[in-house]
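These notes concern the structure reproduced below.
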Amino acid sequence: MRIIVCAKQVPDTNEITINPETGTLVRDGVPSILNNDDANALEQALQIKDEIPDTEVIVITMGPPQAKEMLQECLAMGADEAILLSDRALGGSDTWATSNALAAGIRKIGAYDLIFAGRQAIDGDTAQVGPQIAEKLQVPQVTYVKEFSLEKDGSVVVKRALEDGYEKLRVKLPCVLTAIKELNTPRYMSVPGILKAAKADIKVWSADDIGVDKETVGLKASPTNVFRSFTPKPKGKGITVEGDTPKEQAANLLEDLRKKHII
Ligand SMILES: Cc1cc2nc3c(=O)[nH]c(=O)nc-3n(C[C@H](O)[C@H](O)[C@H](O)COP(=O)(O)OP(=O)(O)OC[C@H]3O[C@@H](n4cnc5c(N)ncnc54)[C@H](O)[C@@H]3O)c2cc1C
């Protein structure tokens with residue numbers, strides 16, 4: 001089997017703090033990491049490789065040259081190959097343009113059985129790229145995958161998380177699946193993996209290499225534009241609900257919520 005995993009290097013948003021004086025984000029020294037859901041996507045691909053040893057796992061990312069570090073981490077976890085799409089022509093892409101570039105990169109890789117992506121990237125937070133790649137490649141998709149099994153007839157059966165339960169779906173290959181953290185626990189990098197990754201040849205492909213129409217990638221081609229970004233105001237102080245007994249406190253809380261039209 002050939003499995004392609006879309007992975008994104010993101011700033012570790014747990015490490016981002018707000019400067020209390022200026023109210024702006026403190027980004028200095030914030031480490032870049034493999035996006036959490038993408039680690040689950042890669043882990044699922046590696047579990048298939050554990051079961052079916054001639055499986056090839058290829059990780060693809062679009063990003064700046066430093067995204068190579070994240071790709072090395074993927075190789076050290078057990079991926080066979082890593083590809084970086086990096087080109088000024090791709091910079092400033094919104095999700096539509098990002099998925100155009102990734103779909104073109106995947107077409108260049110050639111035949112595949114499965115594509116895994118994360119549900120969502122913790123920086124852009126849109127959860128749009130996976131489904132858009134599926135659309136552009138004209139293959140079925142299942143998002144929010146929390147359980148996965150490969151069937152003998154070559155299809156996959158997945159459980160897709162919903163707000164109040166799950167859907168069980170059978171999908172024909174090839175397809176795109178987006179992973180959530182409930183799917184598995186990503187493995188650590190291994191020492192032989194780290195040594196292999198240090199010597200690995202990470203392919204870097206430009207917009208020309210993937211043959212993507214330049215009118216469909218980059219800032220100018222992006223249908224959306226970020227006009228302003230700002231740090232949200234800190235939340236106001238909490239309030240203590242008064243009352244002599246828990247019952248009275250609950251009644252006061254309800255009244256307050258009703259007054260504010262929250263319930
Ligand atoms: C006008 C505009 C300009 C922008 N300019 C820039 C910019 O200059 N630089 C910049 O870094 N971002 C820029 N962005 C953000 C960029 O759109 C997003 O980083 C990108 O489209 C991914 O969207 P997301 O982070 O919401 O990913 P989601 O849709 O939440 O990601 C879902 C999954 O898709 C896959 N995926 C997403 N992005 C990638 C990727 N790059 N490579 C591989 N897999 C991926 C991962 O598996 C991920 O888990 C810009 C956005 C807009 C709207």
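Treat the numbers as computed from the prediction; the structure is a model and nothing was measured. Atom set for the values below is all heavy atoms of this structure, side chains included, hydrogens, waters and symmetry mates excluded. Every number for a ligand or one of its atoms is a count from 1 in the order of the listing.
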Practice problem: Give the numbers and elements of all ligand 1 atoms closer than 4.0 Å to a heavy atom of N35. | Solution: 49 (O)
Quiz item: How would you list all residue pairs meeting side-chain hydrogen bond (donor to acceptor under 3.5 Å, both in side chains) that involve residues 172-183, not counting sequence neighbours?
Solution: none
Quiz item: Right, does atom 29 (O) of ligand 1 have protein non-hydrogen atoms nearer than 4.0 Å?
Solution: yes
Exercise. Specify side chain, backbone, both or neither for D38, according to which of its non-hydrogen atoms lie closer than 4.0 Å to ligand 1.
Key: side chain
Self-check item: Element-labelled atoms of ligand 1 that are located less than 4.0 Å from some non-hydrogen atom of T61
Solution: 42 (N), 43 (C)
Quiz item: Can you find an N or O of T98 that's nearer than 3.5 Å to an N or O of ligand 1?
Solution: yes
Quiz prompt | Residue-ligand contact D37/ligand 1, heavy atom below 4.0 Å | solution = no
Quiz item: Among protein heavy atoms, which lies nearest atom 33 (C) of ligand 1, and at what distance?
Solution: G118 O, 3.2 Å
Quiz item: Short list, please: which atoms of ligand 1 are under 4.0 Å from a heavy atom of G124?
Solution: 24 (P), 25 (O), 26 (O)
Quiz item: With no hydrogens and no angle check, is any side-chain donor or acceptor of N40 less than 3.5 Å from a backbone partner on N184?
Solution: yes
Practice problem: Assess whether atom CD of Q249 is packed by more than 12 heavy atoms of other residues, nucleotides or ligands within 6.0 Å. | Solution: yes
Quiz item: Above 12 or not: heavy atoms from other molecules or residues under 6.0 Å from OH of Y144?
Solution: no
Quiz item: Counting heavy atoms only, which part of D123 comes closer than 4.0 Å to ligand 1: side chain, backbone, both or neither?
Solution: side chain
Quiz item: Protein heavy atom under 4.0 angstrom of atom 10 (C) of ligand 1, is there one?
Solution: no
Quiz item: Is there a donor in the side chain of T143 and an acceptor in the side chain of R160, or the other way round, less than 3.5 Å apart?
Solution: yes
Quiz item: Backbone N or O of L253 within a donor-acceptor pair of the R258 side chain at under 3.5 Å?
Solution: no
Quiz item: For V226 and ligand 1, does the shortest N/O to N/O distance drop below 3.5 Å?
Solution: no
Quiz item: Just which atoms of ligand 1 are under 4.0 Å from any heavy atom in I60?
Solution: 43 (C)
Quiz prompt | Between T13 and E15: side-chain donor-acceptor atoms closer than 3.5 Å | solution = no
Exercise. Give the atoms of ligand 1, by number and element, whose distance to some non-hydrogen atom of N225 is under 4.0 Å.
Key: 1 (C)
Quiz item: At what distance is the nearest protein heavy atom to atom 24 (P) of ligand 1, and which residue and atom is it?
Solution: T126 OG1, 3.6 Å
Quiz item: Among the heavy atoms of A7, does any lie under 4.0 Å from an atom of ligand 1?
Solution: yes
Exercise. Compute the minimum heavy-atom distance from Q9 to ligand 1 and say whether it is under 4.0 Å.
Key: no
Quiz prompt | Proximal ligand 1 atoms for C6, defined as those under 4.0 Å from one of its heavy atoms | solution = 44 (N), 46 (C), 47 (O)
Quiz item: Any idea which protein heavy atom is nearest atom 41 (N) of ligand 1, and the distance to it?
Solution: M62 O, 2.9 Å
Quiz item: Between L102 and ligand 1, which residue portion shows a heavy-atom distance shorter than 4.0 Å: side chain, backbone, both, or neither?
Solution: side chain
Practice problem: Starting from atom 25 (O) of ligand 1, locate the nearest protein heavy atom and write down its residue, its atom name and how far away it is, to 0.1 Å. | Solution: K8 NZ, 2.6 Å
Self-check item: D125 backbone acceptor or donor facing Q120 side chain under 3.5 Å
Solution: yes
Quiz item: Is it true that A127 lies under 4.0 Å from ligand 1, counting heavy atoms only?
Solution: yes
Quiz prompt | Numbered atoms and elements of ligand 1 in range of T224, under 4.0 angstrom, heavy atoms | solution = 1 (C), 53 (C)
Exercise. For atom 36 (N) of ligand 1, state whether the nearest protein heavy atom is under 4.0 Å away.
Key: yes
Quiz item: Between L85 and ligand 1, which part of the residue brings a heavy atom under 4.0 Å of the ligand: side chain, backbone, both or neither?
Solution: neither
Quiz item: How far is atom 22 (C) of ligand 1 from its nearest protein heavy atom, and which residue and atom is that?
Solution: V129 CG2, 3.6 Å
Self-check item: From the candidates T95, D94, L90, the one that places a heavy atom nearest atom 53 (C) of ligand 1
Solution: D94
Quiz item: Take atom CD in E56; do more than 12 heavy atoms of anything else shown fall under 6.0 Å from it?
Solution: yes
Quiz item: Is it the side chain, the backbone, both or neither of A117 that has a heavy atom closer than 4.0 Å to ligand 1?
Solution: both
Self-check item: Identity and distance of the protein heavy atom lying nearest atom 31 (O) of ligand 1
Solution: A121 N, 3.5 Å
Quiz prompt | Sidechain-backbone polar pair: D123 side chain, P11 backbone, donor-acceptor under 3.5 Å | solution = no
Quiz item: Backbone, side chain, both or neither: what part of S93 comes under 4.0 angstrom of ligand 1, heavy atoms only?
Solution: backbone
Exercise. Sorted by first residue and then second, give each side-chain hydrogen bond (donor to acceptor under 3.5 Å, both in side chains) pair with at least one member in residues 29-39; sequence neighbours left out.
Key: N35-D38
Quiz item: Tell me: protein heavy atom nearest atom 5 (N) of ligand 1, and distance?
Solution: G92 CA, 3.2 Å
